Amino acid sequence: MKYTQLGRTGLKVSRLVLGTMNFGPQTDEPASHAIMDAALDAGINFFDTANVYGWGENKGRTESIIGNWFAKGGGRREKTVIATKVYGNMGPDGEAWPNHDKLSAVNIRRAVDASLKRLQTDHIDLYQFHHIDRNTPFEEIWQAIDVLIQQGKILYVGSSNFPGYKIAQANEIAARRGGTIGLVSEQCLYNLAERRAEMEVIPAAQDYGLGVIPWSPLHGGLLGGVIKKEVQGGRRASGRAADTLADPAKRAQIQAYEDLVDKHGLEPGEVALAWLLTRPGVTGPIVGPRTSEQLASAIRASELELGEELLASLDEVFPGPGPSPEAFAW
């Protein structure tokens, strides 16, 4: 497994990030523990979760599964860089009770303590804002974060789903206040089929020294050989992938991608992951395996070298938007 620095920090993380969103809803606790053990054995030391994972009445379940895994000992916690998130409603009922969500100082304090308890650890390595909060000023957010860092409850802070201007705003305010180093990572939707982040988000992240952590690297399964699986009678597309394939032009694009990859004797999902590892500013994509076999495929992708001819052909099938502002101006 290859490692890199997380943004401008001294923290070394694996170039694959283990996503845990399926732990609980789709993968039971024993299987989840087996996947985490296999990931650690393969050298993956960067695990990502969120306080809301588990969803619905089971919010927090995923963090609890990870916490039970840490409690087994064997150096599991010491070897793992754990990242979780704050923003979503964690109220006990369906509707958010005031101050049970978003990024107010009171919710950040409450959410950190709750996550620490579920994770059965004394600190969170990377604490991420899951979304922007339009009603809470960054001065308040950073004040709350400074206290938590001083208490040793969190070490680094990242963002998720932030536009470029919010990355800039957050870090400029952090710099003016002093004390905190600001955001060190941005977790965004980025893959071959969804490249809009290249216009503003990734350039902002690079300018401010943030590591980029792409989520949904297979775009909801769309880049994982979905048409081939349909033809072979396997798992049919659902969600975002099914909606995209309903468009004849998009379906033709995905077919062209699968044909190109097949021509090179490669697997579509592995090529999609390997492509992200060639992109400037990318720390590592989040892979969310439901099974050990899917994890093994992701590990193979991290070792795959894509030739210049294939990279150029991928750009032809999935052209990027181009740099900003040229992508939308002269």
Side-chain angles (χ1 to χ4, degrees), residues 6-7 9 11 17 19-21 23-24 46-67 70 80-163 166-167 169-171 173-174 177 180-189 210-211 213 215 286:
L6 180 61
T9 76
L11 184 67
V17 185
T20 63
M21 189 169 65
F23 294 176
F46 196 6
F47 291 12
D48 176 75
T49 190
N51 60 353
V52 294
Y53 289 173
W55 310 110
E57 62 183 16
N58 293 313
K59 285 177 290 190
R61 175 62 179 147
T62 303
E63 284 187 333
S64 294
I65 289 173
I66 297 170
F70 284 154
T80 302
V81 174
I82 187 66
T84 192
K85 308 183 194 75
V86 57
Y87 181 88
N89 164 30
M90 291 297 290
D93 46 19
E95 305 246 340
W97 189 253
N99 304 312
H100 274 76
D101 63 355
K102 300 186 180 175
L103 302 180
S104 68
V106 68
N107 187 56
I108 287 175
R109 176 177 176 175
R110 175 187 292 120
V112 163
D113 287 343
S115 285
L116 288 171
K117 184 176 181 180
R118 287 188 293 266
L119 289 167
Q120 300 188 51
T121 187
D122 63 353
H123 74 280
I124 293 162
D125 299 300
L126 177 64
Y127 201 51
Q128 301 164 109
F129 307 135
H130 213 162
H131 200 276
I132 63 169
D133 183 349
R134 294 178 173 87
N135 297 318
T136 304
F138 276 111
E139 288 83 357
E140 175 182 346
I141 294 170
W142 286 127
Q143 183 180 48
I145 293 299
D146 286 345
V147 171
L148 295 174
I149 291 175
Q150 290 162 10
Q151 292 174 337
K153 293 181 177 180
I154 63 175
L155 301 182
Y156 302 96
V157 181
S159 56
S160 181
N161 306 306
F162 271 36
K166 280 294 182 182
I167 291 172
Q169 185 183 58
N171 273 14
I173 292 174
R177 293 187 74 255
T180 178
I181 63 172
L183 301 174
V184 303
S185 63
E186 160 60 19
Q187 189 176 134
C188 59
L189 175 61
L210 279 65
I213 308 169
W215 61 267
I286 296 174

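This is a predicted model, so every value here is computed, not measured. For reference, positions follow the sequence shown, starting with 1.
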Mind checking the OH-CD1 spacing from Y156 to I149? Nearest 0.5 Å is all I need.
10.0 Å

To the nearest 0.5 Å, how far apart are CD1 in I154 and OG1 in T180?
8.0 Å

Does the side chain of R110 come within less than 4.5 Å of M90's, by heavy atoms?
no

Expected output: side-chain S185 to main-chain G211 donor-acceptor under 3.5 Å
no

Less than 4.5 Å apart, side chain to side chain, heavy atoms only: is that true for D48 and Q128?
yes

Do you know the tightest heavy-atom contact between V52 and G88?
CG1-CA, 3.7 Å

May I ask you to test the V112-V86 pair for a side-chain heavy-atom distance under 4.5 Å?
no

Looking only at heavy atoms, which two atoms of N161 and H130 are closest? And how far apart?
ND2-O, 3.0 Å

Pairs meeting criterion salt bridge (charged side-chain N to carboxylate O under 4.0 Å, His left out) with involvement of residues 116-130, two or more places apart:
E63-R118, R77-D125

Do Y127 and K153 get their side chains close enough for a donor-acceptor pair, meaning under 3.5 Å?
no

In terms of relative ring orientation, are F162 and F129 parallel, tilted or perpendicular, with 30° and 60° separating the classes?
parallel

Greater than 12 external heavy atoms within 6.0 Å of Q143's CD
no

From OG (S64) to CG (L119), nearest 0.5 Å:
8.0 Å

Identify all side-chain donor-acceptor contacts of residues 133-141 below 3.5 Å with residues at least two apart in sequence or on another chain.
unit_1	atom_1	unit_2	atom_2	d
D133	OD1	N135	N	3.0
D133	OD2	L103	N	2.9
D133	OD2	T136	OG1	2.7
E140	OE2	A105	N	2.9

Taking side chain as C-beta onward, heavy atoms only, is L11 less than 4.5 Å from F46?
no

Might you point out which heavy atoms bring R61 and G54 nearest each other, and give the distance in Å?
CB-CA, 4.2 Å

Q187 side chain near V17 side chain, heavy-atom distance below 4.5 Å
no

How many angstroms lie between CD1 in I108 and CG in D113, if you round to the nearest 0.5 Å?
12.0 Å

Donor-acceptor pair, side chain of T62 and main chain of F23, under 3.5 angstrom
yes

Measure the OG1-CD1 distance between T20 and I66 for me, rounded to the nearest 0.5 Å.
4.0 Å

To the nearest 0.5 Å, what is the distance between OG on S160 and CD1 on I286?
7.5 Å

Under 3.5 Å, is there a donor-acceptor pair between the side chain of N171 and the main chain of L183?
yes

With a 4.5 Å limit on heavy-atom distance, are the side chains of T121 and L116 in contact?
yes

For N51 versus S115, what's the shortest heavy-atom pair and its separation?
CB-OG, 3.8 Å

So which atom in L126 and which in G158 form the shortest heavy-atom distance, rounded to 0.1 Å?
CD1-N, 3.6 Å

So, does N107 use its side chain to make a donor-acceptor pair with the main chain of Y87 at under 3.5 Å?
no

In sequence, state the C-alpha distance, the side-chain angles, and the governing distance for W142 and V157, and then conclude on side chain to side chain contact (heavy atoms under 4.5 Å, CB included).
CA-CA 10 Å; W142 286 127; V157 181; 4.1 Å; yes

Is it the case that more than 12 heavy atoms not belonging to R109 sit under 6.0 Å from its CZ atom?
no

Under a 4.5 Å cut-off applied to non-hydrogen side-chain atoms, are V81 and L6 in contact?
no

